[in-house]
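Have a look at the structure below, then the notes.
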Amino acid sequence: REIERGQERERQREREMTEREREQRERERKRRDREKKRERGDRQFDLWDSDDVPVPRKELLQKVKGVDALVCVLTEKIDAELLDAAGPNLKVLSTMSVGFDHLSLEELKKRGIRVGYTPDVLTDSVAELTVALLLTTSRRLIEATHEAKSGGWGTWRTLWLCGYELANSTVGILGLGRIGVAIAERLKPFKVKKFIYTDVAPRPELASLIDAEYVSMDELASQSDFLTVCCALTPETKDICNKDLFSKMKNTSIFINTSRGGVVDQEDLYEALSSGQIAGAGLDVTVPEPLPTSHPLFTLNNCVILPHIASASYSTRNAMSALAANNLLLGLKGQPMIKELKL
Ligand SMILES: O=CC(=O)O
């Protein structure tokens, strides 16, 4: 009877366990497994087996000690502190992202660490989301569903919830790369009249794919009906979308950013949106991330904010993780990675 009572107590404990406790128990089991493999001398993989990122910094600094290679995502800052904590064994870094502003390239280069990243596989997904965000913003879809649900839908009114359409418009691309081209290809069937772009220099090969004209930053601002930011975040592009740019835009224009929040001065954007200097903005990226729910941008009807989901489709995230893993394994074998950054 004592055994039965013990078993019943165990079953009761199981029932009362929360999902988090179960996850914790599973992590502990995997950790013990890895420990055993380490003792046997097998190649070991230490995994942050949770969707909760960033990994607490203290724990990350502890766990990276002595590793030969590291896979990371864009929430982890890979800087001198982390590389010092990892130590001289670390020779390969593989980030599951196309952006690499979270990596200190100088420190990586100094230490002779090779770096893999995941361009191309996410281009379609990011372009698709950018188009969705652009249409959501320009046709005021969030406001519209809110009105429909909350009783604001009265009789049909001529100018109610009017927005701006792509047909006959000029679309500007700030930073023309693979993603900018993919966005333009998707927008073309909406009868866009003209594509223009700016970059540090003309990019004729890419531009010819979408028949886009190279213009100055000022011309991009003043001519675009839709301005979409596709450049990487670098010291040169930080806050490049600021008061100066917004003040030259039309008050009917829509600003879209699916690159990095750091390219936008958010105070200047708030001013431009709330004063009517520009018509609307759609952002998939902000500073910081997550953007606090008390942030003034959330108070604006003409600002649509998404939680950095441009590459978030099942197939793309699978492709990104496979590419990140393969980059890492090739790097470990001393072979060329599939996608490697030139440092
Ligand atoms: O933002 C997403 C990425 O850089 O992959």
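Quick caveat, the model's predicted, so the values are computed rather than measured. We count ligands from 1, going down the list as the structure has it; atoms in each ligand are counted the same way.
If you check which protein heavy atom lies closest to atom 5 (O) of ligand 1, you get V98 N, 2.9 Å.
We find the CD-CG distance between E340 and L93 to be 11.0 Å, quoted to the nearest 0.5 Å.
Polar contact with ligand 1: absent for S97 (N/O pair, distance under 3.5 Å). Considering backbone and side-chain atoms together, R260 places an N or O closer than 3.5 Å to an N or O of ligand 1.
When the shell of 6.0 Å around CD of E205 is examined, it contains 12 or fewer heavy atoms from other residues, nucleotides or ligands.
Between the side chains of S275 and Q277, no donor N or O sits under 3.5 Å from an acceptor N or O.
In summary, the atoms of ligand 1 found under 4.0 Å from a heavy atom of H308, numbered by their order in the structure, are 1 (O), 2 (C). Of all atoms in ligand 1, listed by their number and element, those nearer than 4.0 Å to a heavy atom of G99 are 3 (C), 4 (O).
Not one N or O on the side chain of Y164 forms a donor-acceptor pair closer than 3.5 Å with the backbone of G280. Distance alone, capped at 3.5 Å, places no donor-acceptor pair between the R29 side chain and the R25 backbone. A donor-acceptor pair under 3.5 Å is formed between the side chain of N302 and the backbone N or O of L273.
Contacts of L122 with ligand 1, taken as heavy-atom pairs under 4.0 Å, involve the side chain alone. Contacts between L74 and ligand 1, counted as non-hydrogen atom pairs separated by less than 4.0 Å, involve the side chain only.
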